[in-house]
Number of protein chains: 2
Amino acid sequence: MPETDDARASGELRIENAHRELLDQVLDKWSLSVLNELCERPCRFNDLRRAIPTVTQKSLTATLRRLERNGIVEREVVSSRPVAVEYRITPLGKTMRRPVDVLLEWATAHMPEIERARDAFDDGLD
Amino acid sequence: MPETDDARASGELRIENAHRELLDQVLDKWSLSVLNELCERPCRFNDLRRAIPTVTQKSLTATLRRLERNGIVEREVVSSRPVAVEYRITPLGKTMRRPVDVLLEWATAHMPEIERARDAFDDGLD
DNA sequence: CAGAATCCTTCACGATACTG
DNA sequence: CAGTATCGTGAAGGATTCTG
């Protein structure tokens, strides 16, 4: 299914469509927050809503479905009185933790530098 | 590396607004492709267009401006005959390489597993 | 409790045309 | 060559309402 792009292999990691598509699915607006919660403990739907107060129900549902489809989280329906649904991170989901951590560490470490760059840019506009 | 998967102790990976905002700026649709090119060599505008054939001029301009504002790439105007503009990666930009590589390595390594998960999900729809 | 269904606004992105 | 300017569209996401 991936069209063979001409062999302009740059020796390093190339960004393919599949990469881009995957990152869009698992690194989107709310996924990291959800993953962060589920890495610590299984959560029910409303647990997640409380943990991430700014997410809407619709977006949370969509995020969870997407993550579930990609095998990152698991959904279990507990047939109790008022239905309970528990979300858990999968083993595959746990493997995301390291790359995400590295990313966030980078972001945290370089935030000041980046803010200075923004100020300089916005100020002078070259 | 170390286990003790005590999530609380190990990863203070809280997602803050600033994190989210930054990732949106530097991990957007085209940034990784641009970074990938500029990591290898300085490029002129049309070099980048050729290297990333699917990007439109408008999106490429926007991407470059965004990366420049965040201090990730540098823009130099060479006052030659028809104006030449060279884009280069900055030292700050180079520090992005490792987190991005880790991310792409993860994506590459787990792609098959993820595709199986997608197929299973789309098939059964549980 | 855990969503589904609707409506609505924003805006990212593409397509196209023009310019110093 | 390296953009800017405009227009148009689809999709993401918020707000709100309803339900098994």
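Below, all heavy atoms of this structure are taken into account, side chains as well, without hydrogens, waters or symmetry copies. The structure presented is a predicted model; accordingly, all values stated were derived computationally and were not measured.
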Discussion item. Whole angstroms only, please: what is the CZ-P distance between R81(A) and dC1(C)?
Written reply: 12 Å
Item to complete: Determine the contact category for R49(A): base if any of its heavy atoms lies under 4.0 Å from a base atom, sugar-phosphate if only primed atoms, P, OP1 or OP2 are that close, otherwise nothing.
Response: nothing
Fill in: Lys/Arg-Asp/Glu bridge criterion (N-O < 4.0 Å) met for R98(A), D101(A)
no
Practice prompt. Using a 4.5 Å cut-off on heavy atoms from C-beta on, say whether the side chain of F121(A) contacts that of N70(B).
Written response: no
Practice prompt. Return the value, rounded to whole Å, for the distance between atom CG of L60(B) and atom P of dA12(C).
Written response: 17 Å
Discussion item. Without decimals, in angstroms, what is the distance between R65(A) CZ and dA5(C) P?
Written reply: 11 Å
Worksheet item: Within this structure, what is the CD-to-C1' distance between E76(A) and dA2(C), rounded to whole angstrom?
Response: 15 Å
Practice prompt. Heavy atoms under 4.0 Å is the rule here; annotate nucleotides 14-20 of chain C 5' to 3' with B where the base is hit, S where only the sugar-phosphate is, and - elsewhere.
Written response: BBB----
Response to the item:
Residues pairing under ring pair (Phe, Tyr, Trp, His ring centres under 6.0 Å) where one sits in residues 93-113 of chain B, two or more places apart or in two chains, turn out to be W106(B)-H110(B)
Practice prompt. Would you please say whether a donor-acceptor pair under 3.5 Å links the side chains of S33(B) and E37(B)?
Written response: no
Discussion item. Distance check needed: dA12(C) C1' versus D28(A) CG, whole Å only.
Written reply: 15 Å
Discussion item. Between Y87(A) and dG3(C), is there a contact of a side-chain N or O with OP1 or OP2 at under 4.0 Å?
Written reply: yes
Worksheet entry | Any L64(B) side-chain heavy atom under 4.5 Å of L48(B) side chain | yes
Fill in: Whole angstrom value for the distance that separates P of dA2(C) from CG of N46(A)
5 Å
Worksheet entry | Heavy-atom contact window of chain A on DNA chain D, given 5' to 3' at under 4.0 Å | dG13(D) to dT16(D)
Worksheet item: Shortest non-hydrogen contact from P112(B) to T108(B)?
Response: CD-O, 3.9 Å
Item to complete: May I have the step-by-step check of side chain to side chain contact (heavy atoms under 4.5 Å, CB included) for T54(B) and N17(A), ending in yes or no?
Response: CA-CA 11 Å; T54(B) 47; N17(A) 291 339; 5.8 Å; no
Item to complete: Compare all side-chain heavy atoms of K58(A) with those of T61(A) and state whether any distance is below 4.5 angstrom.
Response: no
Item to complete: Whole angstrom is fine here: how far is it from CG in L64(A) over to C1' in dG3(C)?
Response: 11 Å
Worksheet item: Do L67(B) and L38(B) touch side chain to side chain, with heavy atoms closer than 4.5 Å?
Response: no
